[in-house]
Amino acid sequence: MYLGIFDTPERASQAAARIVLSIFEKKPRATLGVATGSSPEGLYSQLRAAHAVGDFTLENSKAFALDEYVGLPADHYQRYRNVLRRELVGADKTGLLDENLHTPNGLVSDSHAAALAYDAAIQDSGGIDVQILGIGADGHIGFNEPGGSLVSRTHVEALASQTVKDNARFFGDNPAKVPATCITQGLGTIMEAGTLVLVAFGENKANAIAQLAEGPISAKWPATITQMHPDVYVLTDTAAASRLEFGDLYKERWQLKFGI
Ligand code: F6R
């Protein structure tokens with residue numbers, strides 16, 4: 001695992017974008033796994049900027065969302081399919097075609113079947129080359145909340161109370177409006193992606209980042225499973241890195257790898 005600790009979220013997002021771009025330079029039709037939430041917004045903005053100057057395109061690529069709320073109406077502003085459309089789809093964004101944006105279907109009556117179908121679709125497409133991730137304050141990735149299986153496939157998940165509280169900001173600060181369930185790629189699914197690029201900013205994430213890098217692998221902090229992945233990049237600002245015990249070592253290791 002490589003940890004890049006930067007002064008600002010903007011610098012960390014630039015570094016995350018450089019990693020994604022370098023993968024697409026080697027494999028222009030790579031498949032991108034995409035997170036939602038606040039953390040990847042700066043990274044997506046960098047990818048749109050790279051597309052605008054012709055350095056990057058998702059025109060010939062597929063993108064798979066990490067997760068989707070169950071039951072939000074098709075036109076709901078916070079439905080992750082709609083969020084990702086606004087961030088990525090179209091020639092004025094990253095070139096991604098709407099039909100190549102895949103999201104779990106949270107609108108069918110059998111969410112469990114939809115989850116299985118989504119997992120199969122990822123596998124049938126040849127898998128995800130690079131997966132962008134955020135992390136919850138409780139250590140979730142995707143919406144794999146504490147205490148779940150560390151090898152799970154895409155499944156229906158109940159949102160933890162911490163996550164409902166944190167995500168209420170997207171629903172008029174009203175926790176009662178946050179959907180109670182979602183479909184999420186499982187930890188086993190996420191671990192099959194070729195490269196993981198995780199972005200995290202702010203003091204609220206400091207505990208989760210310390211556990212992610214230095215905690216024992218445990219279902220209590222689901223993101224710790226990524227310690228077993230061979231190609232992981234974690235990009236943070238100084239606040240999210242503030243509880244790491246070996247921050248100086250990570251800076252040296254990053255410099256050895258990237259020369260910055
Ligand atoms: C979103 C997702 C979640 C978020 C996490 C952090 O698709 O899977 O794991 O990445 O909840 O959310 P933000 O970035 O809003 O703090």
Side-chain angles (χ1 to χ4, degrees), residues 9-10 12-13 16 32-46 63-70 72 76-88 101-106 115 118-119 122 128 130-146 148 152-173 175 178-191 193 196-209 211-212 221-226 232-237 239-241:
E10 290 71 26
S13 298
L32 186 64
V34 283
T36 44
S38 307
S39 307
E41 284 172 0
L43 165 55
Y44 294 151
S45 158
Q46 294 287 325
F64 283 90
L66 261 182
D67 37 31
E68 180 60 280
Y69 291 118
V70 167
L72 278 190
H76 196 287
Y77 196 75
Q78 290 302 334
R79 187 180 175 226
Y80 282 165
R81 181 163 189 90
N82 296 334
V83 172
L84 290 166
R85 275 182 172 142
R86 292 195 296 274
E87 294 281 353
L88 302 173
L101 171 63
H102 299 270
T103 51
N105 191 341
Y118 191 70
D119 210 272
I122 292 173
I128 291 169
V130 49
Q131 175 66 58
I132 294 166
L133 296 166
I135 187 169
D138 66 357
H140 70 223
I141 52 173
F143 277 131
N144 293 280
E145 299 287 22
S152 58
R153 308 306 307 180
T154 303
H155 62 284
V156 180
E157 179 68 286
L159 295 191
S161 53
Q162 174 75 51
T163 305
V164 171
K165 203 172 115 209
D166 289 343
N167 285 12
R169 71 191 193 280
F170 296 116
F171 293 86
D173 284 326
V178 180
T181 51
C182 63
I183 298 172
T184 181
Q185 283 188 37
L187 292 173
T189 317
I190 292 169
M191 288 289 283
L196 305 181
V197 177
L198 188 149
V199 278
F201 310 120
E203 170 67 26
N204 190 37
K205 302 291 174 71
N207 263 341
I209 288 296
Q211 291 293 334
L212 162 72
W221 294 93
T224 55
I225 191 63
T226 62
V232 183
Y233 302 87
V234 177
L235 300 302
T236 77
D237 62 357

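Both counts, for ligands and for their atoms, begin at 1 and track the order of listing.
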Quick one: pull up CD in Glu87 and CG in Leu101 and give me the separation to the nearest 0.5 Å.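 Here the interatomic distance stands at 11.5 Å.
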
Leu212, Ile135, Asn207 screened by side-chain contact (heavy atoms from CB on, under 4.5 Å) with Trp221, the one that passes: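 For Trp221, the side-chain contact (heavy atoms from CB on, under 4.5 Å) check succeeds only for Asn207.
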
side-chain hydrogen bond (donor to acceptor under 3.5 Å, both in side chains) for Ser38 and Arg169? Distances and angles first, verdict last. CA-CA 11 Å; Ser38 307; Arg169 71 191 193 280; 2.7 Å; yes

Short N or O contacts of ligand 1 with protein, under 3.5 Å, listed by atom name?
from     : atom 1 : to     : atom 2 : distance (Å)
ligand 1 : 7 (O)  : Thr36  : N      : 2.9
ligand 1 : 7 (O)  : Thr36  : OG1    : 2.7
ligand 1 : 7 (O)  : Asp67  : OD1    : 2.7
ligand 1 : 7 (O)  : Asp67  : OD2    : 3.4
ligand 1 : 8 (O)  : Asp67  : OD2    : 2.5
ligand 1 : 8 (O)  : Gly142 : O      : 3.3
ligand 1 : 9 (O)  : His140 : NE2    : 3.4
ligand 1 : 9 (O)  : Gly142 : O      : 2.7
ligand 1 : 11 (O) : His140 : NE2    : 2.7
ligand 1 : 14 (O) : Ser38  : N      : 3.2
ligand 1 : 14 (O) : Ser39  : N      : 2.8
ligand 1 : 14 (O) : Ser39  : OG     : 2.5
ligand 1 : 15 (O) : Ser38  : N      : 2.8
ligand 1 : 15 (O) : Arg169 : NH2    : 2.8
ligand 1 : 16 (O) : Lys205 : NZ     : 2.7

Residues Gln78, Asn82; criterion side-chain hydrogen bond (donor to acceptor under 3.5 Å, both in side chains); working and verdict: CA-CA 7 Å; Gln78 290 302 334; Asn82 296 334; over 6 Å; no

Quick check on ring-ring contact (aromatic ring centres under 6.0 Å, His included): which of Phe171, Phe170, Tyr77 does Tyr69 satisfy it with?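 The residue from Phe171, Phe170, Tyr77 that satisfies ring-ring contact (aromatic ring centres under 6.0 Å, His included) with Tyr69 turns out to be Phe171.
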
Mark yes or no for whether Glu68, through its side chain, and Arg81, through its backbone, hold a donor-acceptor pair below 3.5 Å.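 Yes: the side chain of Glu68 pairs with the backbone of Arg81.
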
